[in-house]
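Each remark here refers to the structure printed beneath this line.
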Amino acid sequence: MVQNDFYLAVFDLVRLIPNGKVTSYGAIARCLGSPQAARMVGYAMNAAHQHDPEIPAHRVVNRMGMLSGKNHFAHITLMQELLEHEGHTIVQDQIQNFDLVFWNPQSIVA
DNA sequence: CGGGTGACTCGAC
DNA sequence: CGTCGAGCCACCC
């Protein structure tokens with residue numbers, strides 16, 4: 001399986017997420033020029049798990065800041081654990097003050 | 001080859 | 001303001 005540029009771009013972008021910050025699938029997809037490919041971003045994250053460098057997939061959540069992909073981690077609570085370890089507050093699988101910890105991928109382009 | 005699914009998002013009621 | 005449905009793209013069966 002060969003990762004397309006889209007996948008690589010997603011991996012690279014997620015890897016560039018600053019510590020203590022998070023982003024959304026749609027933001028990544030939009031940054032890549034395919035705002036409708038948000039679903040594919042999540043799918044790419046699945047492949048990211050087997051990628052060589054450790055990709056902070058836990059820093060990627062849906063647009064509402066909910067840990068929608070926690071079920072795909074080794075443990076459904078691992079994602080929350082990692083996020084909380086970075087200083088985030090999570091209630092009911094939802095990141096509090098998501099707008100404050102949100103990181104815009106466009107920031108690296110600008 | 002064809003159909004179904006999903007770590008999403010937006011629009012309409 | 002809250003909930004429901006449709007759309008989109010790539011991968012798996």
Side-chain angles (χ1 to χ4, degrees):
Chain A
M1 52 204 320
V2 184
Q3 282 88 352
N4 296 340
D5 293 339
F6 187 81
Y7 278 52
L8 294 175
V10 173
F11 298 146
D12 199 23
L13 207 65
V14 174
R15 225 180 307 162
L16 291 173
I17 299 174
N19 191 299
K21 294 283 184 174
V22 295
T23 187
S24 64
Y25 304 96
I28 296 170
R30 193 178 308 188
C31 185
L32 298 178
S34 300
Q36 318 305 39
R39 307 193 94 175
M40 212 35 4
V41 175
Y43 208 97
M45 299 267 68
N46 198 354
H49 184 67
Q50 64 184 350
H51 208 260
D52 275 321
E54 297 180 13
I55 298 176
H58 59 273
R59 291 180 185 161
V60 185
V61 294
N62 67 352
R63 199 189 176 295
M64 295 190 294
M66 187 168 69
L67 311 186
S68 51
K70 64 171 188 165
N71 294 319
H72 287 255
F73 279 76
H75 303 290
I76 61 177
T77 55
L78 179 61
M79 191 173 187
Q80 181 172 337
E81 288 282 318
L82 293 170
L83 288 170
E84 287 181 339
H85 190 268
E86 294 188 357
H88 298 301
T89 303
I90 300 169
V91 178
Q92 290 182 339
D93 300 339
Q94 189 171 313
I95 299 175
Q96 303 301 296
N97 302 326
F98 178 67
D99 55 341
L100 297 179
V101 298
F102 179 79
W103 176 73
N104 189 346
Q106 281 287 5
S107 188
I108 63 173
V109 181

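The figures here come from the full heavy-atom set of this structure, side chains too, leaving out hydrogens, waters and symmetry mates. Every chain is numbered from 1 and lettered A, B, ... according to where its sequence line falls, protein lines coming before strand lines.
A:Gln50 places its CD atom 15 Å from the C1' atom of B:dA7, with the value rounded to the nearest Å. Computed from coordinates, the A:Met45 CE to C:dC11 P distance equals 15 Å when rounded to whole Å. In this structure, the NE2 atom of A:His49 is 19 Å from the P atom of C:dC11, given to the nearest Å. The distance from atom CE of A:Met40 to atom C1' of C:dC12 is 11 Å, rounded to the nearest whole Å. Between the CD1 atom of A:Ile55 and the C1' atom of B:dA7 there is a distance of 13 Å, rounded to whole Å. Between A:Tyr43 atom OH and C:dC13 atom P the separation is 8 Å, expressed in whole Å.
Residue pairs meeting the side chain to side chain donor-acceptor pair (under 3.5 Å) criterion with at least one partner in residues 92-110 of chain A, sequence neighbours excluded, are A:Lys70-A:Asp93. Applying the side chain to side chain donor-acceptor pair (under 3.5 Å) test to every pair with at least one member in residues 14-40 of chain A, sequence neighbours left out, gives no pairs at all. Applying the salt bridge (Lys or Arg N to Asp or Glu O under 4.0 Å) test to residues at least two apart or on different chains, none of the pairs has a partner in residues 101-110 of chain A.
Closest non-hydrogen pair, A:Tyr7 versus A:Ala44, comes out as CE2-CA, 3.6 Å.
Connectivity analysis of hydrophobic side chains (ILVMFWY, heavy atoms under 4.5 Å, direct or indirect) links A:Met66 to nothing; its cluster partners are none. In the hydrophobic clustering, A:Val22 connects to A:Val61, A:Leu67, A:Phe73, A:Leu78, A:Met79, A:Leu82, A:Leu83, A:Ile90, A:Ile95, A:Phe98, A:Val101, A:Phe102, either directly or through intervening members, whenever side-chain heavy atoms lie under 4.5 Å apart.
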Report each atom pair, protein N/O against N/O of nucleotides 2-6 of chain C, whose distance is under 3.5 angstrom.
none

Contacts under 3.5 Å, N or O only, protein and nucleotides 9-13 of chain B:
unit_1: B:dT9; atom_1: OP1; unit_2: A:Gly26; atom_2: N; d: 3.1
unit_1: B:dT9; atom_1: OP1; unit_2: A:Arg63; atom_2: N; d: 3.1
unit_1: B:dT9; atom_1: OP2; unit_2: A:Arg63; atom_2: N; d: 2.7
unit_1: B:dC10; atom_1: OP1; unit_2: A:Arg30; atom_2: NH2; d: 3.3
unit_1: B:dC10; atom_1: OP2; unit_2: A:Arg63; atom_2: NE; d: 3.1

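Here the nucleotide nearest the side chain of A:Arg39, chosen from C:dC12, C:dG7, B:dA7, is C:dG7.
Taking A:Tyr43 as the reference, nothing meets the ring pair (Phe, Tyr, Trp, His ring centres under 6.0 Å) condition, with sequence neighbours excluded.
DNA chain B is contacted by A:Ser68, A:Gly69, A:His72, A:Phe73 of residues 66-77 of chain A, taking any non-hydrogen atom closer than 4.0 Å. Within residues 83-95 of chain A, no residue approaches DNA chain B, by heavy-atom distance under 4.0 Å.
If you check every strand for non-hydrogen atoms under 4.0 Å, A:Ala44 touches nothing.
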With a cut-off of 3.5 Å and sequence neighbours excluded, list every side-chain donor-acceptor pair involving residues 52-59 of chain A.
unit_1: A:His58; atom_1: NE2; unit_2: A:Glu86; atom_2: OE2; d: 3.1
unit_1: A:Arg59; atom_1: NE; unit_2: A:Glu86; atom_2: OE1; d: 3.2
unit_1: A:Arg59; atom_1: NE; unit_2: A:Glu86; atom_2: OE2; d: 3.0
unit_1: A:Arg59; atom_1: NH1; unit_2: A:Ile17; atom_2: O; d: 2.8
unit_1: A:Arg59; atom_1: NH2; unit_2: A:Glu86; atom_2: OE2; d: 3.0

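Here the separation of C:dA6 from B:dG4, taken at their P atoms, is 15 Å to the nearest Å.
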